[in-house]
Amino acid sequence: MSTNISRRQLFRGALALGGMVAVGGSLTACSTTEPGGSEAGGGGLLERARQQGLRIAIGNEPPYTELAADGTVTGCEPDVLRAVCQRMGIEKVEGIVSGYDAMIPGLKANRWDAIAAGLFMKQSRCREVIYASPVIVSTESFGVRPGNPKDVTTIADVKDRDDLRVGVVPGGFEQGILETAGVDPARIVNVTDARGGADALAADRIDAFLLPTLSLRELDGVEVTDPIEDAPSTGSSAAFRPDDQDFLDAYNVELEAFKAEPEFAEILEKWGFDPTVVDGVTTEELCAVDG
């Protein structure tokens, strides 16, 4: 499904919180990898990636990333990254499954070369990693039980009502939204992933699950609220170590050229995103989101 959300709507929530988140099957998933970062193997990241491939941290949160039963990694961000890498002469891309709270530490520890997982931009992350030109712009919603029995529609609801328990994925953008808004930590409940949030709803361990709107729409048995008006909306793209600025510069050249081709729109539309929403949105704008 395509979204038809204006940039004004997308950033309205950010202002409300004070200015404050495969094509083919050649990506593979595994849980471990050999260390080695910008200095490993000699030369820069671009040279090594052309020779050895690029290792990326991914999640398992459709439509941003998706891990199939056969181990194939796909999803909007890996699909775009793979296409850009091919333009750069990088034929092999290895996907390594990680929790969101471990993605940046793992990048710093050289366990992977980049992150392509819908890791939404915000101030704290942009101080630690460098992001490519935006690929995705997204809104947030609540996943609730059918009929929304607790009538949860806004972040203010969660902050002001002591009876509400809200699930988040640890280290995710949504956890930062609630913490920045001043929600009582005792009412923020960690869940493993999107499916874990749906299970927690069904078991009445939480009253709502905060996640990007499109991610929630992938879940069966979960009612999805309208995009939250007082939640910040942000976007994502591939993230790299600051030491790999030369690689990022080369990546951005090819990414911007790829955005002008029909395949870019086809990938985004395949995963339910509107490719026009990202037009004119800058990394600097998204990195200004609080959190």
Side-chain angles (χ1 to χ4, degrees), residues 1-5 9-10 12-14 16-17 20-21 59-69 75-76 97 99-101 117-120 136-234 236 271-274 291:
M1 70 195 79
S2 294
T3 54
N4 294 301
I5 303 169
Q9 288 174 305
L10 285 165
R12 180 173 55 191
L17 285 185
M20 306 243 191
V21 162
N60 186 20
E61 184 185 318
Y64 301 92
T65 60
E66 183 172 18
L67 181 62
C76 188
V97 177
Y100 283 92
D101 54 349
L119 189 71
F120 291 160
I136 291 170
V137 176
S138 182
T139 59
E140 302 286 331
S141 290
F142 290 114
V144 295
R145 285 182 285 278
N148 194 4
K150 291 294 186 76
D151 193 28
V152 187
T153 60
T154 67
I155 300 300
D157 289 339
V158 179
K159 180 181 177 181
D160 297 339
R161 290 172 50 186
D162 293 339
D163 62 320
L164 295 180
R165 305 156 297 167
V166 179
V168 297
V169 176
F173 182 72
E174 294 73 26
Q175 181 179 2
I177 290 176
L178 298 182
E179 291 175 348
T180 299
V183 174
D184 182 354
R187 295 190 289 107
I188 301 174
V189 181
N190 288 340
V191 297
T192 54
D193 52 23
R195 187 67 257 167
D199 292 343
L201 275 175
D204 196 26
R205 294 195 300 272
I206 58 176
D207 302 300
F209 181 30
L210 182 58
L211 206 66
T213 304
L214 289 182
S215 296
L216 289 168
R217 289 176 179 167
E218 295 285 328
L219 299 173
D220 294 331
V222 175
E223 182 173 320
V224 183
T225 68
D226 290 337
I228 303 168
E229 292 189 357
D230 61 345
S233 299
T234 184
S236 63
W271 293 105
F273 293 98
D274 180 351

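None of these values were measured; they are calculated from a predicted model. Computed over heavy atoms, backbone and side chain alike; hydrogens, waters and symmetry mates excluded.
Scored by the side chain to side chain donor-acceptor pair (under 3.5 Å) test, Lys150 finds Asp207 as partners (sequence neighbours excluded). In terms of the side chain to side chain contact (heavy atoms under 4.5 Å, CB included) criterion, Ala202 has no residue partners (sequence neighbours excluded). Qualifying salt bridge (charged side-chain N to carboxylate O under 4.0 Å, His left out) partners for Arg161, counting only residues two or more places apart in sequence or in other chains: Asp163. With sequence neighbours excluded, no residue forms a side chain to side chain donor-acceptor pair (under 3.5 Å) with Thr65. The side chain to side chain donor-acceptor pair (under 3.5 Å) search around Glu223 returns none, not counting sequence neighbours. For the side chain to side chain contact (heavy atoms under 4.5 Å, CB included) test, residues two or more places apart in sequence or in another chain that qualify with Val222 are Ala198, Leu201, Leu219. Taking the side chain to side chain donor-acceptor pair (under 3.5 Å) definition, one finds that Thr153 meets it with Asp157, sequence neighbours left out.
No side-chain heavy atom of Glu66 sits less than 4.5 Å from a side-chain heavy atom of Cys76. Between Val97 and Leu67 there is a side-chain heavy-atom pair separated by less than 4.5 Å. Val158 is not listed as a side-chain neighbour of Leu210, based on a closest heavy-atom distance of 4.5 Å or more. Side-chain contact check for Phe173 versus Pro232: some heavy-atom pair is nearer than 4.5 Å. No side-chain heavy atom of Ser141 sits less than 4.5 Å from a side-chain heavy atom of Pro212. Between Pro185 and Glu179, the closest side-chain pair of non-hydrogen atoms is not below 4.5 Å.
Note: Ile206 CD1 to Asn190 CG = 10.5 Å, rounded to the nearest 0.5 Å. Between Thr139 atom OG1 and Leu214 atom CG the span is 6.5 Å, to the nearest 0.5 Å. To the nearest 0.5 angstrom, Ile155 atom CD1 is 5.5 Å from Leu178 atom CG. Separating the CD atom in Glu61 from the CG atom in Leu216 is a distance of 8.5 Å, to the nearest 0.5 Å.
Scanning both residues, Gly167 and Val191, for their nearest heavy atoms gives CA-CG1, 4.4 Å. Here the closest non-hydrogen pair linking Tyr64 and Ser215 is CE1-OG, 3.0 Å. The two residues Ala156 and Asp230 make their nearest non-hydrogen contact at N-OD2, 3.0 Å. Of all non-hydrogen atoms in Ala231 and Glu140, the two that sit nearest each other are CB-CB, 4.3 Å. Annotation for Gly59 and Ala117: closest pair N-CB, 3.6 Å, computed over non-hydrogen atoms.
Within the structure, salt bridge (Lys or Arg N to Asp or Glu O under 4.0 Å) contacts touching residues 180-193 (residues at least two apart or in different chains) do not occur.
Remark: side-chain polar atoms of Arg205 are not paired, donor with acceptor, to backbone N or O of Arg165 under 3.5 angstrom. Remark: the backbone N or O of Phe142 is paired with a side-chain donor or acceptor of Thr225 at under 3.5 angstrom.
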Mind running side-chain contact (heavy atoms from CB on, under 4.5 Å) on Asp204 and Arg145 for me, showing each step along the way?
CA-CA 9 Å; Asp204 196 26; Arg145 285 182 285 278; 3.2 Å; yes
